[in-house]
Amino acid sequence: MTVTPTDFAAITGLKVGREPIPFDSGIQNDRAPLEWFLGEAPKIEEGMARYKQFTWYLKKQATTDQEEEQMARAYLLYLFGATLYPGRRSKVHLSYLPALRDLRTASRFDWGGAALGAAYGFLGDSSRTEQSTAGYWRVWELWAYEVLRMYPPKYKDPDLSTLPRAVIWSKKNMGTKEGKGDLNAFTLYLDDLKASQINWDPWRAAGPEPEYLARSRAVTASRVLLESAFGWQWCLGDRVTR
């Protein structure tokens, strides 16, 4: 078992299963489109850009609509690099930029699917090598608290029907963890885990189920190929690849 599209949507509030993102894997090699999208071309390292350099755009005062859009794209790239799509060494792909051409319609793309696909890929790499994981790693932590009930911190908000669930696991609501949280403790917990301990579907809202969660449930029940800037990853319903 692992984080499914349903789990990811319930935790983050991002739907999995929208339109494919129009990636451009070679955009970092062409200065002209980078200047159009961002106002100026960022410094490129190994085909990616360090996302912290995009905070510079936030200090500008826009004088035209075009500059406002460029600043918005730079801010979104910063968020992508800091949260949903962080690569190793604090870098972010620029291939997302074509999806941000028209900011009024950018929400139609499968941002949730791309984030989950990247997380799958990085976790797979880490399980077979000594590399640290990357991507939106915190979703695994919150999933372990909710589904595996593995040493969850005490938190102040008792409303477990709140969605997306990351809201109640914010720092202001979290207290100390129930367990020590070291590697040996996690290993022993998983070795002794029984089916009766697992919370198989914790994502029940108090009212009508949000549309983004309903759509993600449909994706979870099917075979779907998730595309991210880091490659393709299969979601095989209730099965996962190694």
Side-chain angles (χ1 to χ4, degrees), residues 5 8-9 11-119 134-139 163-164 166-167 170-172 210-216 219 226-232:
F8 188 87
I11 291 170
T12 66
L14 288 174
K15 182 191 295 185
V16 177
R18 291 181 180 267
E19 293 182 29
I21 296 173
F23 293 104
D24 183 349
S25 59
I27 195 172
Q28 72 277 2
N29 299 319
D30 195 340
R31 188 178 184 88
L34 292 179
E35 290 178 346
W36 186 88
F37 278 113
L38 299 168
E40 64 179 63
K43 183 179 179 181
I44 308 299
E45 302 176 31
E46 299 176 344
M48 302 175 70
R50 293 189 182 274
Y51 64 79
K52 287 189 177 179
Q53 68 183 292
F54 295 111
T55 59
W56 179 83
Y57 293 91
L58 303 180
K59 301 174 184 178
K60 291 182 63 175
Q61 182 65 43
T63 58
T64 65
D65 290 345
Q66 183 181 20
E67 286 186 351
E68 285 186 351
E69 292 178 353
Q70 290 168 344
M71 292 168 65
R73 294 187 191 102
Y75 179 61
L76 287 171
L77 280 181
Y78 172 78
L79 289 182
F80 290 170
T83 56
L84 291 177
Y85 314 111
R88 295 186 177 95
R89 296 180 290 279
S90 301
K91 295 178 183 177
V92 63
H93 270 283
L94 301 178
S95 57
Y96 304 102
L97 282 172
L100 304 178
R101 179 179 298 275
D102 187 345
L103 295 172
R104 296 167 298 180
T105 59
S107 63
R108 73 180 189 269
F109 297 117
D110 193 14
W111 302 108
L116 180 56
Y136 187 41
W137 58 267
R138 193 164 186 264
V139 73
L163 291 173
V167 172
S170 62
K171 287 185 178 181
K172 67 178 182 179
E211 189 272 339
Y212 67 82
L213 186 54
R215 170 58 181 160
S216 300
V219 172
L226 302 172
E227 182 183 13
S228 76
F230 301 99
W232 298 81

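Residues take their numbers from the sequence shown, with the count starting at 1.
Nearest heavy-atom pair, Pro5 versus Ser216, reported as atom, atom and distance to 0.1 Å: O-CB, 3.6 Å. In this structure, Ala9 and Tyr212 approach most closely via the heavy-atom pair O-CE1, 3.2 Å. The two residues Ala62 and Met71 come nearest to each other via the heavy atoms CB-SD, 3.6 Å. Closest heavy-atom contact between Ser228 and Ala114: CB-O, 3.2 Å. Closest non-hydrogen pair, Ala106 versus Leu100, comes out as CB-CD2, 4.2 Å.
Distance check: Met48 CE to Arg89 CZ gives 8.5 Å after rounding to the nearest 0.5 Å. For the atom pair Tyr96 OH and Tyr85 OH, the distance stands at 6.0 Å (nearest 0.5 Å). Residue Asp65 holds its CG atom at 6.5 Å from CD of Glu69, rounded to the nearest 0.5 Å. Remark: Gln66 CD to Thr64 OG1 distance equals 5.5 Å, nearest 0.5 Å. Rounded to the nearest 0.5 angstrom, Glu35 CD and Glu40 CD are separated by 8.0 Å. The CD atom of Glu45 sits 4.5 Å away from the CZ atom of Arg50 when rounded to the nearest 0.5 Å.
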Full working for side chain to side chain contact (heavy atoms under 4.5 Å, CB included) between Thr12 and Tyr136: CA-CA 10 Å; Thr12 66; Tyr136 187 41; 3.3 Å; yes

Step-by-step side chain to side chain contact (heavy atoms under 4.5 Å, CB included) determination, Phe23 to Glu227: CA-CA 9 Å; Phe23 293 104; Glu227 182 183 13; 3.5 Å; yes

Verdict with reasoning, Phe54 to Arg73, per side chain to side chain contact (heavy atoms under 4.5 Å, CB included): CA-CA 9 Å; Phe54 295 111; Arg73 294 187 191 102; over 6 Å; no

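In this structure, Arg31 is not positioned above the aromatic face of Trp36 in the sense of NZ or CZ being under 6.0 Å from the six-membered ring centre and within 45° of the axis.
The backbone N or O of Thr105 lies less than 3.5 Å from a partner atom in the side chain of Arg108, making a donor-acceptor pair. For Gln53 (side chain) and Lys43 (main-chain N/O), a donor-acceptor pair under 3.5 Å exists by modelled atom type. Judged by distance alone, the side chain of Asp110 and the main-chain N or O of Gly17 form a donor-acceptor pair under 3.5 Å.
Counting heavy atoms from C-beta outward, Leu14 and Leu84 have side chains that approach closer than 4.5 Å. Counting heavy atoms from C-beta on, the side chains of Leu76 and Leu103 come closer than 4.5 Å. Residues Leu94 and Pro42 are in side-chain contact: their nearest non-hydrogen atoms beyond the backbone lie under 4.5 Å apart. In this structure, Trp111 and Ile21 have side chains that are in contact, with non-hydrogen atoms separated by less than 4.5 Å. Using a 4.5 Å cut-off on side-chain heavy atoms (C-beta onward), Leu38 and Leu77 make contact. Between Tyr78 and Thr55 there is a side-chain heavy-atom pair separated by less than 4.5 Å. Phe109 has its side chain out of reach of Pro20: every pair of non-hydrogen atoms, C-beta onward, lies at least 4.5 Å apart. Using a 4.5 Å heavy-atom cutoff, the side chains of Leu97 and Pro33 are not in contact.
Atom NZ of Lys52 has 12 or fewer neighbouring heavy atoms from other residues, nucleotides or ligands inside a 6.0 Å radius.
Ring pair His93/Phe80: centre-to-centre distance not below 6.0 Å.
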